Amino acid sequence: MQNIPFFLHGGDYNPDQWRHVPGTVDKDFELFPMAGINSLSLGIFSWSVLEPEEGRFEFGWLDDIMDRAEKRGMKIVLATPSGAKPNWLAAQCPEVRRMTGDGVHEPTREQQCRRHNHCPTSPIYRRKVLQIDEALAARYGSHPALALWHISNELNGECHCPLCLAAFRDWLRAKYGSLKALNEAWWTGFWSHTYTDWSQIGAIDFSIDGLVLDWKRFVTEQTASFIRSEAEVLRRHSPEIPVTTNLMGFYEGLDYARLAREIDIVSWDNYPQYHERPGETERLAAFTSLTHDYMRSLKRGKPFLMMESSPGPVNWWHHNRLLRPGQHRMKSLQAIAHGSDSVQYFQIRKGRGGSEKFHGAVIDHEGTGGTRMFREVAQVGRDLQALQPVLGSTVRPKVAIVFDRESDWALKASFGPLDSIKNSYADTVATHYIPFWKRGIPVDIVDGDSTLDGYSMVVAPCLFLLRDGFAERIERFVADGGTFVATWLTGIVNSTGLCFTGGFPGPLRKLLGVWAEEIDYLYDDERNSVVPVPGNSLGLSGNFGTSVVCDVVHAEGAETIATYGRDFYAGSPALTVNRFGKGEAWYLATRGDAALLDALHGTLARRLSIPRAIDSDLPDGVSAGMREGAGGERYTFVVNYASEPRAVDLGPAARHDLLDGATKSGTVELAPFGVMVLN
Ligand code: GLA
Ligand code: ZN
């Protein structure tokens with residue numbers, strides 16, 4: 001990325017909130033080089049300052065910051081201000097304010113308050129946004145400091161106003177063509193909800209899950225079209241400047257795979273709740289790594305940007321604990337390990353008022369570079385300079401795990417079959433991710449629409465909804481030699497939420513060689529066990545626990561690897577493998593404990609010779625990642641997430657650590673939260 005010549009290290013900077021405090025900007029620009037701050041994200045919430053009254057623009061303060069940045073060789077991430085609307089606009093044109101709806105009562109118009117709450121359909125809002133975007137792009141589009149456009153901020157939520165509902169009906173008409181097709185796809189005969197006129201589609205009625213699913217898709221499309229309209233203006237003025245919008249990891253309201261098509265670079269805001277609770281580190285660290293991988297995979301390996309993170313505690317966790325010394329560095333380099341080309345913060349200078357005045361910042365209220373967090377930020381600045389050769393390199397996994405947002409929506413929209421797992425799809429995916437993470441095996445996160453070329457192994461945990469064509473694609477993948485692992489609650493509904501007929505797991509029944517006749521949902525405190533079949537072809541031995549769900553399965557050609565230990569289905573298959581073409585299709589019929597998932601994925605990865613970042617067993621709390629350059633250079637990141645030192649076996653070959661310049665081999669001790677980057 002030629003616009004981004006170094007790892008961006010900076011973040012949200014709001015000098016417009018300090019204009020009445022002379023000297024602040026001078027002081028900040030003295031402090032930036034001391035912390036290695038080389039980029040500023042500007043104007044994210046500055047609409048009312050940039051356009052204090054309709055049509056009157058004030059750019060002087062922004063000109064000043066852009067020019068100061070340019071003189072110092074810094075890069076600017078310039079935002080469009082559509083994330084928060086000015087009071088004058090909201091007062092003058094009520095339609096720009098979102099209407100909230102619960103699917104039952106008449107939607108209500110929000111008052112002007114907070115942020116991220118515009119109507120994405122309102123022609124007035126779009127026109128006003130594009131006007132100010134046009135002014136910004138015309139003025140700064142060719143400014144030498146400009147590196148990236150930042151569209152809006154954390155786009156989220158939905159609007160139930162008449163304009164949005166009318167647009168939804170148009171979208172449905174285009175999708176289905178006729179009410180007959182829509183009524184069939186949504187199964188509207190249920191509770192007498194057959195639509196006889198398009199105008200009857202009003203409430204987002206949660207008794208029709210097909211409607212809810214399509215509404216979610218529409219909200220994503222409407223958000224995509226909002227992004228596109230802004231991007232068009234920016235690209236017209238500065239075709240060479242990439243655009244992004246900052247995403248929110250596993251935020252469930254939008255299908256990010258779809259939104260990613262509208263932007264040039266994926267960026268996201270990372271706020272893991274790292275703190276010192278025994279037993280939590282590994283889950284949190286793995287989940288954070290998983291989220292980075294998900295974000296990177298949205299553009300299949302192209303480096304992403306960590307657009308925000310907190311240098312210190314935030315103000316919105318239940319416990320806003322301090323980051324322990326070294327944890328900030330660990331969390332920052334974790335992002336780089338997974339493919340980020342930046343460590344950006346919210347925020348650079350801590351504000352004195354507003355609801356985020358206690359949120360972590362590079363420059364504290366105290367106002368100097370003398371704070372612990374400032375020093376830790378400065379350390380990251382030095383690290384990023386040392387890592388310059390890594391910039392632009394990518395991650396090339398052989399393993400893909402399926403996380404499908406549409407499937408998540410379908411599961412959430414569905415009443416039953418198991419309500420307690422509705423909100424834990426991402427956590428379930430994480431339980432399958434951890435065995436790879438612990439082994440330092442890079443993973444991509446794909447969805448039911450992604451191409452599977454280049455992977456040796458695809459794992460689809462709990463893939464409730466199957467997109468059209470997925471079964472055919474995964475059959476081809478396996479026939480060609482791939483290894484596929486599916487689990488319980490997979491292949492239950494189609495793309496409009498209708499249950500598959502002909503036996504679960506629906507269109508995957510033939511590939512997996514099993515029929516899941518019944519699904520038993522256990523009480524929260526209930527357990528069953530998984531007992532390996534003696535002499536099974538996986539070499540699985542021991543005894544494993546399981547909970548939550550047990551499919552009662554018939555093997556139809558698949559080999560049974562393990563069976564249930566208890567209940568009326570004791571002895572029936574709990575884990576199977578079906579040979580199909582040149583590959584294998586595995587079915588895990590029950591949730592399984594961590595040991596079972598570890599044994600299953602660990603053994604399969606070993607058999608498939610899937611490369612690990614480090615060819616040794618990593619101690620608890622340590623993971624390793626790998627980035628690869630265009631010329632085949634490899635950078636191995638080893639991160640100790642634990643608060644105690646850990647010994648890591650690097651093998652006999654001498655390797656160079658970019659961070660401390662030392663040559664390393666054999667067993668090396670990593671300090672608490674310590675990091676190595678070897679090449
Ligand atoms: C989000 C927003 C920022 C700020 C931070 C606080 O990521 O984008 O504006 O509110 O949260 O953590
Ligand atoms: Zn609306």
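As the structure is a computational prediction, the values presented were derived from the model and not from experiment. Both counts, for ligands and for their atoms, begin at 1 and track the order of listing.
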List ligand 1 atoms under 4.0 Å from [X], heavy atoms only on the residue side.
| X | answer |
| --- | --- |
| F45 | 9 (O) |
| D269 | 7 (O), 8 (O) |
| W316 | 6 (C), 12 (O) |

Do [X] and [Y] pair up side chain to side chain, a donor and an acceptor below 3.5 Å, judged on atom types alone?
| X | Y | answer |
| --- | --- | --- |
| E230 | S82 | yes |
| H338 | D293 | yes |
| E110 | T100 | no |
| E134 | H237 | yes |

Query raised in the report: Do you know which two heavy atoms are closest between A361 and R349, and how far apart they sit?
Result: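 Reported closest heavy-atom pair: CB-C, 4.0 Å.
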Query raised in the report: Taking NZ, NE, NH1 and NH2 as the nitrogens, is one of them in R217 or D255 under 4.0 Å from a carboxylate oxygen of the other?
Result: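 So R217 does not pair with D255 through a salt bridge.
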Between [X] and ligand 1, which residue portion shows a heavy-atom distance shorter than 4.0 Å: side chain, backbone, both, or neither?
| X | value |
| --- | --- |
| Q347 | neither |
| N153 | side chain |
| M307 | neither |

Query raised in the report: Any idea which protein heavy atom is nearest atom 9 (O) of ligand 1, and the distance to it?
Result: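 Here the closest protein heavy atom is R115 NH1, 2.9 Å.
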Query raised in the report: Considering only the protein, which heavy-atom contact is closest to atom 2 (C) of ligand 1, and what is its distance?
Result: E308 OE1, 3.4 Å
Query raised in the report: Closer than 4.0 angstrom: is that true for some heavy atom of M248 and an atom of ligand 1?
Result: no
Report summary line: Tested for ring-ring contact (aromatic ring centres under 6.0 Å, His included) against F250, the lone hit among Y271, Y425, Y294, W268 is Y294
Query raised in the report: Any side-chain heavy atom of F218 sitting closer than 4.5 Å to one from K175?
Result: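 No; the side chains remain at least 4.5 Å from each other.
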Query raised in the report: Does some side-chain heavy atom of T223 sit less than 4.5 Å from a side-chain heavy atom of E262?
Result: no
Query raised in the report: Hey, what's the angle at the Zn ion (ligand 2) spanning SG (C159) and SG (C119), nearest 10 degrees?
Result: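 Centred on the Zn ion (ligand 2), the SG/SG angle is 120° (to 10°).
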Query - Rounded to 10 degrees, the angle SG of C161 makes with SG of C164 at the Zn ion (ligand 2) - result: 120°
Requested in this report: Please determine if the Zn ion (ligand 2) has an N/O/S atom from H160 lying under 2.8 Å away.
Outcome: no
Query raised in the report: For atom 10 (O) of ligand 1, which candidate among H359, E356, H116, E154 holds the nearest heavy atom?
Result: E356
